[in-house]
Amino acid sequence: MKIYKIFPLLIAIFIIFPNNILAQVRGIDSLYFVLAKYESNQKEIDTNYVNTLNTLSHTLHNNQPDTAFYYAQKAFDASEKIDFPKGKANSTKQQSISLVSKKNLNKALEYWQKSVMAYAQINDTKEIAHCLDNIGTIYEQQENMPQATEYYLKSLRNYDVVKDEKNSVFVVNKVANVYFKRANFEKSGLYAQKALRIAQEHNIFSEIVKSSALIYELAKNEKDYIKAIEYNELAILYKDSLFFLEKKNYIKQADISKKEYYKQLRKMQELLKKNEELENVNVERQKLFRLALEQQNSQDKKIASELSKKEQEIQKLNKAQKVLKQDKQYQSIENERIKNAKNALEKQSEADRLLSVAQNEKNKHKQDSLHQLAKSKQAEVEIHLNEERRLQAESKQRGLEVMKEKEAKEFQQYINYLILAGLISIAIFAYYIFKSRQKEIKQKEEIMEKNEEIQQINEELNTTLQIVESERAKSDALLLNILPLQTAQELKNTGTSIPKHYDVVTVLFTDFKGFTNIAEKFTPTQVIEELNTCFLAFDEICGKYGLEKIKTIGDAYMCAGGLPVANETNPFDVVNAGLEMQRWMAKWKLEKEAKNEPVWELRLGIHTGEVVAGVIGNKKFAYDIWGDTVNTASRMESSGEVGKVNISGTTYKYIKDSFECTFRGAVKAKNKGEIDMYFVNGEL
């Protein structure tokens, strides 16, 4: 096409849309100017630089998707460099949008998934919902309806989290449409009604048109032609109003007068009112029940009373509908309405088809002929619509007549029932007086029997309760013998115990020198008896100084101070316990030598530090401690000498002012290197 042929068209475009085009050009120029400053090293890159790149990418994605993708990638690289998570998320989203513009849907899916993860890292739920919506849209375009449904529903759940009902309506309509395509008409109808409600609450005309049109299709599918006509009119009205408002917003010189504008608004308000009246009675009833329950909870007696009255009115309506269904004249009118509505829809579809064919027809003569046919069909539609209004009025009139006849019959029946009820009441009253005397005597006898039964049951319950309490005391005692009180209580209350961190805990390890050689001289039973004698003594010493026995491993004994309840005295308590254990062993050694029996000698090591303590697993509970402190305490024991209390330099710092100690120097310990060690001689 030559330039002089398109020049007038360009002038027309600039006359109609001058502000939009010039503003867009100026906006792009300003973005390029900002980027030039950064890239000429006048500024160090920062979040503003990233935001500028993303804005430029968004501006260019429709017309220049490759360039838009390039700037989004630059924004992503810059965001990584300055550690700007929000910038990374936004740039990934812009890359996704550019790929959609390029029709590269498979790659776009990959980038939308990345966008979801990026926004999840910064907890931006609203943007996550937006990304999931776009993934669902791509799957719908690819005819993968199950996947489309899954991602649309995920999007809605995220919109529900942020309570963004206004933006969610677009996705609700998409869900309704996908269910329609999958022939799940029940769910499609539910979501379409929900979308219509939200769209009307927020005056979102485009979504009102979509949901109304879908309900129209569903009603046609169900052969509910009257409902189909109502929602078709609703869709057409909002479609016309939407077109009018768009022209008013974007073409200021449009030839639509203010009078026409207000006329459209009045039509829209009338339609909204009509739509409210068309709500299904059962749906309204459910709403009233729900509102009544809410008002009852808020103790608003006045509103609850009004709702109760309205509920009674709806019950009357339901009864009236049953009566009307039995009236042949009324049903004849309603059947005529349905037939007339079906004809109207068929004529409307034919008129729409003729108009569509006319728009595509290039032959002017045929086009005019088709337009005439379409007008003729539209005129027939108007005739059917007028007939629908007449039949509706006739149906309403007949309904009133039927209800008046029913009320008259009911009133006469009420009088007859009232007289009969009076006579029956007198007879019943006399019979009741006679029977009540006999019942009183019988009831007294039954009460006495029941009291005896209750007394016997109470005695049995008390006996059972005593047994239960006794068994509970035994189980509690057994549990406390295995676990510390606090841990046992936590397990009983919650079923689990969370391990806890302690900053200062002192751990004591013991081991018998030459245990293997000594054990060979005894039977297994004798070995257990000897170990039990020692460990019972150690248990008593631990109890004396408030230490927690952790476990025994063969001939090794492990305990700790400062847990499960943290304290500041645990280094002193453990050292005192260690000295007393060695004194007990010395005394026991003398008794053994006097009997000429093998002698047991003890190495004992102590270290102080931080540990984690608690119960893990859910079977065979055992309280235990973990951490490097435990390993170091074990090395103190293996590096010690029999009859001595060997402590680390860390423990020494806590107790040095209260105990006399001998410095051993830096002693090499297995897997620990050299550690300062001390022998504790006794208290100062």
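Note that the coordinates shown come from a computational prediction; the quantities given were computed from them, not determined experimentally.
- Remark: Glu150 engages Lys154 in a salt bridge, criterion side-chain N to carboxylate O under 4.0 Å.
- Note: Phe512 and Phe538 have parallel aromatic rings, judged against thresholds of 30 and 60 degrees for the angle between ring planes.
- Look at Lys107 and Glu110 and you find a salt bridge, because one of the NZ, NE, NH1 or NH2 atoms lies within 4.0 Å of a carboxylate O, short of that distance.
- For Lys187, there are no salt bridge (charged side-chain N to carboxylate O under 4.0 Å, His left out) partners, not counting sequence neighbours.
- Counting only residues at least two apart or on different chains, no ring-ring contact (aromatic ring centres under 6.0 Å, His included) pair has a member in residues 441-463.
- Contact annotation: the side chain of Met558 approaches that of Val630 to within less than 4.5 Å [non-hydrogen atoms, C-beta and beyond].
- The shortest side-chain heavy-atom distance between Glu601 and Met585 does not fall under the 4.5 Å cut-off.
- There is a side-chain donor-acceptor pair under 3.5 Å between Asp77 and Gln73.
- When the side-chain hydrogen bond (donor to acceptor under 3.5 Å, both in side chains) test is applied to Ser648, the partners found at least two apart in sequence or on another chain are His607, Thr651.
- Residues meeting the salt bridge (charged side-chain N to carboxylate O under 4.0 Å, His left out) test with Lys450, sequence neighbours left out: none.
- In this structure a side-chain-to-backbone donor-acceptor pair under 3.5 Å is present from Ser168 to Glu165.
- Ser96 places a side-chain N or O within 3.5 Å of a backbone atom of Thr92 that can act as its donor or acceptor partner.
- No side-chain heavy atom of Val100 sits under 4.5 Å from any side-chain heavy atom of Ser98.
- Side-chain polar atoms of Thr149 and Arg182 form a donor-acceptor pair below 3.5 angstrom.
- Open room surrounds CD on Glu540; 12 or fewer heavy atoms of other groups in view lie less than 6.0 Å from it.
- No side-chain donor-acceptor contact under 3.5 Å links Asp133 to the backbone of Ala129.
- Remark: Asp628 pairs with Lys672 by the salt bridge (charged side-chain N to carboxylate O under 4.0 Å, His left out) rule, at least two apart or across chains.
- Under the 3.5 Å distance criterion, with hydrogens and angles disregarded, no donor-acceptor pair is assigned to the side chains of Glu127 and Asn90.
- For residues 551-572, the set of pairs meeting the side-chain hydrogen bond (donor to acceptor under 3.5 Å, both in side chains) definition, not counting sequence neighbours, comprises Thr506-Asn570, Asp539-Tyr557, Lys551-Asp624, Asn567-Asn570, Thr569-Asp573.
- Every residue meeting the side-chain contact (heavy atoms from CB on, under 4.5 Å) condition with Ala78, not counting sequence neighbours, appears here in chain and number order: Ile45, Tyr49, Val50.
- Glu186 and Tyr179 share no donor-acceptor pair across their side chains, judged by distance under 3.5 Å alone.
- Looking only at side-chain heavy atoms (C-beta outward), Lys93 and Tyr119 come within less than 4.5 Å of each other.
- One finds no salt bridge joining Glu140 and Lys174 here, because no Lys/Arg side-chain nitrogen approaches an Asp/Glu carboxylate oxygen to under 4.0 Å.
- Among residues two or more places apart in sequence or in another chain, the side-chain contact (heavy atoms from CB on, under 4.5 Å) test is passed with Ser638 by Arg635.
- The closest side-chain heavy-atom distance from Arg664 to Asp676 is not below 4.5 Å.
- At a threshold of 4.5 Å between non-hydrogen side-chain atoms, the residues Phe659 and Leu579 count as touching.
- Evaluation of the side-chain contact (heavy atoms from CB on, under 4.5 Å) rule for Tyr652 yields Ile647, Lys656, Cys661, Tyr678 as partners, not counting sequence neighbours.
- Remark: Glu641 engages no residue in a salt bridge (charged side-chain N to carboxylate O under 4.0 Å, His left out) (not counting sequence neighbours).
- Checked against the 6.0 Å centroid threshold, Tyr139 and Tyr151 count as a close aromatic pair.
- Side-chain contact of Asn51 with Asn54: a donor-acceptor pair under 3.5 Å is absent, judged by distance alone.
- Electrostatic pairing of Lys592 and Glu530 counts as a salt bridge here, judged by a charged N lying under 4.0 Å from a carboxylate O.
- Residues satisfying the side-chain contact (heavy atoms from CB on, under 4.5 Å) criterion with Ala195, sequence neighbours excluded, are Val169, Val172, Asn173, Ser211.
- Judged as a side-chain hydrogen bond (donor to acceptor under 3.5 Å, both in side chains), and not counting sequence neighbours, Lys88 has no contacts.
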